[in-house]
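Values below: every heavy atom of this structure, side chains too, minus hydrogens, waters and symmetry copies.
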Amino acid sequence: QVQLVESGGGLVQAGGSLRLSCAASRSIFSINVMGWYRQALGKQRELVATITSGGSTNYADSVKGRFTISRDNAKNTVYLQMMNLKPEDTAVFYCNAEIERAYGLGRHEYWGQGTQVTVSS
């Protein structure tokens with residue numbers, strides 16, 4: 001079974017930076033879209049950013065200009081560089097990927113376990 005393993009969360013002061021990483025746990029055939037979502041306490045999960053296998057990106061308006069998503073296709077890894085963090089960015093961040101485990105099996109959506117990001121004022 002494929003697992004998405006996240007790392008890089010933590011506690012940071014407002015204005016600080018963090019870099020999240022998410023890697024697929026085993027060799028796979030292909031990954032289409034990869035992305036990051038977040039869920040603040042008491043709120044619904046929301047899109048942060050996505051990136052296609054070709055490198056096209058999409059961002060939530062609230063993070064444009066502050067967050068950068070990137071990926072290393074050879075390592076099956078997606079990154080989220082977060083700068084100028086604000087207290088309202090505090091949330092559990094989840095990695096998401098559309099993965100075809102082997103040729104012919106079709107694409108399926110996978111989620112990471114989540115990593116906490118806390119921004120203090």
Side-chain angles (χ1 to χ4, degrees):
Q1 185 64 278
V2 176
Q3 287 186 320
L4 297 177
V5 181
E6 299 151 343
S7 61
L11 173 64
V12 65
Q13 288 188 331
S17 300
L18 282 174
R19 188 192 194 210
L20 306 182
S21 300
C22 171
S25 63
R26 53 168 285 178
S27 178
I28 52 181
F29 178 66
S30 70
I31 304 179
N32 186 24
V33 180
M34 302 185 81
W36 291 94
Y37 291 72
R38 66 185 179 186
Q39 187 167 18
L41 195 62
K43 295 187 177 181
Q44 289 188 331
R45 190 173 298 188
E46 63 177 6
L47 169 73
V48 176
T50 61
I51 184 168
T52 68
S53 57
S56 296
T57 58
N58 179 52
Y59 294 94
D61 287 343
S62 60
V63 306
K64 283 180 180 177
R66 300 188 299 121
F67 291 9
T68 302
I69 189 170
S70 61
R71 63 190 282 175
D72 184 331
N73 291 330
K75 296 181 179 179
N76 293 328
T77 300
V78 64
Y79 306 95
L80 186 69
Q81 178 67 50
M82 304 183 291
M83 302 179 67
N84 190 23
L85 283 159
K86 304 175 181 180
E88 52 263 41
D89 294 317
T90 296
V92 178
F93 281 68
Y94 295 91
C95 173
N96 174 273
E98 190 180 67
I99 294 173
E100 185 171 4
R101 291 189 290 119
Y103 178 74
L105 290 184
R107 294 172 178 169
H108 299 276
E109 189 176 42
Y110 291 84
W111 290 91
Q113 79 285 357
T115 185
Q116 177 71 45
V117 171
T118 303
V119 184
S120 63
S121 57

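Put simply, the side chain of Ile31 reaches to within 4.5 Å of the side chain of Asn76, judged on heavy atoms. Side-chain contact between Met34 and Glu98: absent, with no pair of heavy atoms (C-beta onward) separated by less than 4.5 Å.
Grouping Ile, Leu, Val, Met, Phe, Trp and Tyr by side-chain contacts under 4.5 Å, direct or through others, puts Phe29 with Tyr103.
Annotation: side chain to side chain donor-acceptor pair (under 3.5 Å) contacts of Gln116 (sequence neighbours excluded): Thr118. In this structure Ser53 satisfies the side chain to side chain donor-acceptor pair (under 3.5 Å) test with no other residue, sequence neighbours excluded. In this structure Lys75 satisfies the side chain to side chain donor-acceptor pair (under 3.5 Å) test with no other residue, sequence neighbours excluded. Not counting sequence neighbours, the partners of Lys64 by the side chain to side chain contact (heavy atoms under 4.5 Å, CB included) test are Tyr59, Asp61. By the side chain to side chain donor-acceptor pair (under 3.5 Å) test, Glu109 pairs with Asn96, sequence neighbours left out. The ring-ring contact (aromatic ring centres under 6.0 Å, His included) test applied to Tyr79 returns no partner, not counting sequence neighbours. With sequence neighbours left out, the salt bridge (charged side-chain N to carboxylate O under 4.0 Å, His left out) criterion links Glu6 to no other residue. Scored by the side chain to side chain contact (heavy atoms under 4.5 Å, CB included) test, Asn58 finds Leu47, Thr50 as partners (sequence neighbours excluded).
A donor-acceptor contact shorter than 3.5 Å is absent between the side chain of Arg71 and the backbone of Gly35.
Under a hydrophobic-cluster definition in which Ile, Leu, Val, Met, Phe, Trp and Tyr are linked whenever side-chain heavy atoms come within less than 4.5 Å, directly or via other members, Tyr37 and Leu4 are assigned to different clusters. Clustering ILVMFWY residues whenever any of their side-chain heavy atoms sit less than 4.5 angstrom apart, transitively, puts Trp111 in a cluster other than the one holding Val48. Under the 4.5 Å side-chain heavy-atom criterion for Ile, Leu, Val, Met, Phe, Trp and Tyr, Ile99 and Val78 are members of the same hydrophobic cluster.
Taking the six-membered ring for Trp and the full ring otherwise, Phe67 and Trp36 have centroids separated by 6.0 Å or more.
Residue pairs meeting the salt bridge (charged side-chain N to carboxylate O under 4.0 Å, His left out) criterion with at least one member in residues 112-121: none, sequence neighbours excluded.
Rounding to the nearest 0.5 Å places NE2 of His108 at 7.0 Å from CZ of Arg101.
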Donor-acceptor pairs are to be reported for all side-chain atoms of residues 85-95 against protein atoms at under 3.5 Å, with residues two or more places apart or in another chain.
{"residue": "Asp89", "atom": "OD1", "partner": "Arg38", "partner atom": "NH1", "Å": "2.9"}
{"residue": "Asp89", "atom": "OD1", "partner": "Arg66", "partner atom": "NH2", "Å": "3.0"}
{"residue": "Asp89", "atom": "OD2", "partner": "Arg66", "partner atom": "NH1", "Å": "2.8"}
{"residue": "Asp89", "atom": "OD2", "partner": "Arg66", "partner atom": "NH2", "Å": "3.4"}
{"residue": "Asp89", "atom": "OD2", "partner": "Lys86", "partner atom": "N", "Å": "2.8"}
{"residue": "Thr90", "atom": "OG1", "partner": "Pro87", "partner atom": "O", "Å": "2.9"}
{"residue": "Thr90", "atom": "OG1", "partner": "Val119", "partner atom": "N", "Å": "2.9"}
{"residue": "Thr90", "atom": "OG1", "partner": "Val119", "partner atom": "O", "Å": "3.4"}

Side-chain donor-acceptor pairs under 3.5 Å in residues 12-28, sequence neighbours left out?
{"residue": "Ser25", "atom": "OG", "partner": "Gln3", "partner atom": "N", "Å": "2.9"}
{"residue": "Ser25", "atom": "OG", "partner": "Gln3", "partner atom": "O", "Å": "3.2"}

